[in-house]
Protein chains: 2
Amino acid sequence: MASEFTGTGDPARSMALLWRGAAEPGPRPGPRPGLDVDRIVSAAVRLADAEGLVALSMRRVAAELGVGAMTLYTHVPGKGELVDLMLDSALAEMYPDERSVVTGGWRARLEAVARANWDLFLRHPWALHVATGRPPLGPGLMRKYELELRAVDGLGLPEVQMDLLVTVVTGFVRGTVGGVQEKADAERVTGITEDQWWAATEPYVAQVFDAERYPTAARVGPVAGEELGAYDPERSFEFGLVRLLDGIGVLVERPSRG
Amino acid sequence: MASEFTGTGDPARSMALLWRGAAEPGPRPGPRPGLDVDRIVSAAVRLADAEGLVALSMRRVAAELGVGAMTLYTHVPGKGELVDLMLDSALAEMYPDERSVVTGGWRARLEAVARANWDLFLRHPWALHVATGRPPLGPGLMRKYELELRAVDGLGLPEVQMDLLVTVVTGFVRGTVGGVQEKADAERVTGITEDQWWAATEPYVAQVFDAERYPTAARVGPVAGEELGAYDPERSFEFGLVRLLDGIGVLVERPSRG
DNA sequence: GAGGGACACGGTACGCCGTACGGAGATGGG
DNA sequence: CCCATCTCCGTACGGCGTACCGTGTCCCTC
C-alpha cells in the first residue's frame with residue numbers, strides 16, 4: 001500500500017525516454033533490438049490494469065514479454081522510470097476528442113475535465129497510487145495540462161486562477177475516486193466481496209458500537225448504508241461535482257467581473 | 001509507490017485489536033509481556049512520520065523497539081493489520097476539541113472539518129497512501145465519522161446528503177493535499193529539493209516543449225509557476241475550499257428549503 | 001573478406017522484504 | 001511439582017529491485 005516512487009535518476013535520461021519520438025533508428029552496431037520501450041510500457045500497463053501496482057514487478061513484466069528480467073534494464077533505467085512512462089502513456093490516452101474541452105460553456109467544459117479524470121482512474125486504478133509530486137513531464141502530461149487549461153480559458157480569469165481551477169477540479173476527482181476504487185481493489189486482491197466483508201465485520205461492529213456516544217453516526221450510517229450500500233461508485237462523485245461546479249460558478253459569474 | 005494494503009485476515013481478530021480496551025489483564029500463564037500493541041503502533045507511526053511508508057518494515061519497527069522482528073507477530077497478525085491500527089490511532093487524534101465541529105454556522109463547521117483533515121495529512125503523510133476501501137472500523141474512525149456528521153447535522157438535510165457532504169469534503173482534501181505532500185516526500189526520499197529538481201529538468205523541458213502545440217500551457221505555466229512556484233501548500237487548498245463551500249452553500253441555503 | 005567495437009540479452013548474486021515454523025525459557029494453576 | 005500456556009525470536013523461504021559481468025550478434029572500417 002505504499003506509494004510507488006517515480007524516476008529518481010538522471011533527468012536527461014528520463015526526459016529522453018518520455019519524449020522518445022520516431023528518433024534516429026540510424027544503423028548502429030550490435031544486434032537489432034527485439035524489444036522496445038513501447039512494448040515494455042504497454043505490457044506493464046496491461047499488468048497493472050489487471051492486477052494492480054502490487055503485482056507489478058520487473059520479473060513479472062519481463063515474463064509477460066518472454067524475456068529475462070535484466071533485459072528490461074537495457075531499455076529502461078529502473079522501475080521508477082517505468083512507472084513514469086506508464087503514467088504518461090495513460091495520460092496521453094485522455095481526451096480522445098480534444099474538442100470536448102472547448103465545447104459548450106465553462107460548466108460543460110469543466111464537467112468534461114472531471115469526467116475525463118474520473119475515467120482515467122477507472123481505466124487505470126493504479127494511476128491513483130503513483131506519487132505525482134514530481135510528475136513525469138512527458139508529452140501525455142503536457143497535452144493533458146494544455147487541454148484542461150483550455151477548458152477554463154476565455155473566462156477572463158487571471159492565469160493563476162486558471163491553474164488553480166484545474167488543480168482543484170482534478171484534485172477533487174482524485175480524492176473522490178479513491179475511496180471507491182480501493183473497494184474494487186480490495187475485492188480483487190482478497191477475493192472477498194464487499195457484501196461478504198461487511199457480513200463478516202458487522203457482528204463485531206454491533207458489539208462495540210455505542211449508539212449513545214455516536215448518536216449521529218447511529219442515525220445516518222444505516223440510512224446511508226442502505227441507499228449507498230450497494231455502492232454506486234458514481235454517486236458521491238456526481239453529488240460533489242455539482243457542489244464544486246456551483247461554487248466555481250460563484251467565482252466565474254461574479255457580477256463585478258461582468 | 002504502490003498502495004499499502006490493510007488487514008486482510010480474520011475480521012474478529014482485527015476488530016478485537018482495534019477496540020482493545022483496558023481488557024482483561026487477568027493472570028494468565030506464561031511470562032508477562034514486555035511489549036504491547038500500543039508501543040508497537042506508536043513506534044510504527046513515529047517511523048512512518050519520519051521516513052514514510054516505504055521505510056516501514058516489520059524489521060525496522062522491531063529494531064526501533066529493541067526486539068526481534070518475529071516478536072511483533074506475537075502482538076499483531078501482520079503488517080496490514082499494523083497499518084490499520086496506525087491509521088485508526090492517527091484518526092483518534094483528530095478534533096482534540098470536539099466543539100470545533102458544532103461551533104458557528106455550517107460553513108465554519110465544514111471548514112473546521114476540512115482543516116482537520118488537512119492537518120491529519122500534513123502530520124501523517126503516509127495516511128494518504130493507505131487504501132481506505134475497507135477502512136479499519138475502529139474507535140478513531142467511528143469518532144471521526146460521528147464528529148464530521150455533527151458538522152452537517154441540523155441543517156434539514158436528508159441523512160444521505162449528510163453522508164455525501166462529509167465524503168465530498170474529506171475527499172476534496174485528500175485529492176488536494178496529495179500533489180503537495182508528495183513533493184515533500186520526494187524531497188525527503190531523494191534528497192533533492194524542488195528547486196534543484198526543476199533546475200535539472202527545465203533545460204530538457206525547454207528543448208521539447210512546443211509552444212505552438214501548447215499555447216495555453218505556454219501562457220499559464222510560467223505565470224502560475226512564478227506565483228505558486230515557491231510552492232505554498234495551502235494555496236490550492238484554500239482556493240478550492242472557498243469554491244467547494246460556496247457550492248455547498250447553494251444547496252444548504254436553497255430558498256425552497258427555507 | 002576480416003577484425004573490432006558497440007550493443008542486446010540475461011544469469012548470478014546481494015541485500016532487502018513479509019512471514020511460516022518451531023524451539024527455548026518463563027510463568028501461573030491444579 | 002508439573003505441565004499447559006504464553007512470550008520471545010532464530011532460521012529459512014520465496015519474492016523483490018538491481019549491480020555486475022559474460023556471451024553472442026551485428027555494423028563499420030579497413
Side-chain angles (χ1 to χ4, degrees), chain A residues 1-10 13 23-40 43-44 47-48 51-84 86 189-190, chain B residues 1-10 13 23-37 39-40 43-44 47-48 51-86 189-190:
Chain A
M1 48 157 217
S3 251
E4 203 74 49
F5 262 106
T6 63
T8 54
D10 177 15
R13 178 84 196 274
E24 22 51 70
R28 294 173 338 293
R32 306 248 49 78
L35 200 56
D36 61 24
V37 176
D38 289 297
R39 289 218 311 152
I40 295 175
L47 179 58
E51 304 186 34
L53 264 192
V54 265
L56 185 80
S57 76
M58 298 301 269
R59 289 176 228 255
R60 280 292 306 272
V61 173
E64 220 76 43
L65 290 164
V67 301
M70 293 314 292
T71 300
L72 301 184
Y73 289 87
T74 304
H75 304 273
V76 162
K79 190 183 180 182
E81 286 81 359
L82 175 55
V83 173
D84 278 349
M86 290 167 63
V189 170
T190 65
Chain B
M1 48 161 214
S3 248
E4 204 75 47
F5 261 105
T6 63
T8 53
D10 178 16
R13 179 85 195 275
E24 23 48 70
R28 296 176 332 297
R32 307 250 49 79
L35 199 57
D36 60 23
V37 175
R39 290 217 313 151
I40 295 175
L47 179 59
E51 304 186 34
L53 264 193
V54 264
L56 186 79
S57 76
M58 299 301 270
R59 288 175 229 255
R60 279 293 306 273
V61 173
E64 220 78 43
L65 291 164
V67 302
M70 293 313 294
T71 300
L72 301 184
Y73 289 88
T74 304
H75 304 273
V76 161
K79 189 182 181 183
E81 286 80 359
L82 175 54
V83 172
D84 278 349
L85 293 169
M86 292 168 62
V189 170
T190 65

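These numbers come from the heavy atoms of this one structure, side chains and all, not from hydrogens, waters or symmetry mates. A, B, ... follow the sequence lines: proteins, then strands. Residue 1 opens every chain.
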>> Output the rounded distance in Å from CG (A:Leu65) to C1' (C:dA8).
In response: 15 Å

>> Within the structure provided, determine whether A:Leu82 and A:Met58 are in side-chain contact (heavy-atom separation under 4.5 Å).
In response: yes

> In whole angstrom, what separates B:Arg32's CZ from C:dA26's P?
Replying inline: 15 Å

> Rounding to a whole Å, what distance do you find between B:Asp36:CG and D:dT7:C1'?
Replying inline: 13 Å

> Shortest non-hydrogen contact from A:Leu47 to A:Ala55?
Replying inline: CD2-O, 3.9 Å

>> For B:Gly78 and A:Thr71, find the nucleotide of DNA chain C closest to each by heavy atoms; which residue's nucleotide sits nearer the 5' end?
In response: A:Thr71

> Rounded to the Å, how far apart are B:Arg60 CZ and C:dC16 P?
Replying inline: 11 Å

>> By nearest heavy atom, map B:Pro31 and B:Ala55 onto DNA chain C; which one lands nearer the 5' end?
In response: B:Ala55

>> From OH of A:Tyr73 over to C1' of C:dA13, roughly how many Å is that when rounded to an integer?
In response: 14 Å

>> Expressed as a whole number of angstroms, how long is the span from A:Glu81:CD to D:dG17:C1'?
In response: 12 Å

>> Between the side chains of B:Glu51 and B:Arg60, is the shortest nitrogen-to-carboxylate-oxygen separation below 4.0 Å, so that they form an ion pair?
In response: yes

>> Would the base of D:dG15 count as contacting A:Arg59 through its side chain, where contact means a donor and an acceptor less than 3.5 Å apart?
In response: no

>> If the cut-off is 4.0 Å, is B:Ser57 near the phosphate of C:dC17, judged by side-chain N/O to OP1 or OP2?
In response: yes

>> Can you confirm whether B:Glu64 sits close enough to B:Val61 that some side-chain heavy atom of one is under 4.5 Å from a side-chain heavy atom of the other?
In response: no

> Of the candidate nucleotides D:dG17, D:dC8, C:dA8, which contains the atom at the shortest distance from the side chain of A:Met58?
Replying inline: D:dG17

> Quick one: A:Leu35 CG to C:dG10 C1', roughly how many Å, whole number?
Replying inline: 12 Å

>> Whole angstroms only, please: what is the CG-P distance between B:Leu72 and C:dA20?
In response: 13 Å

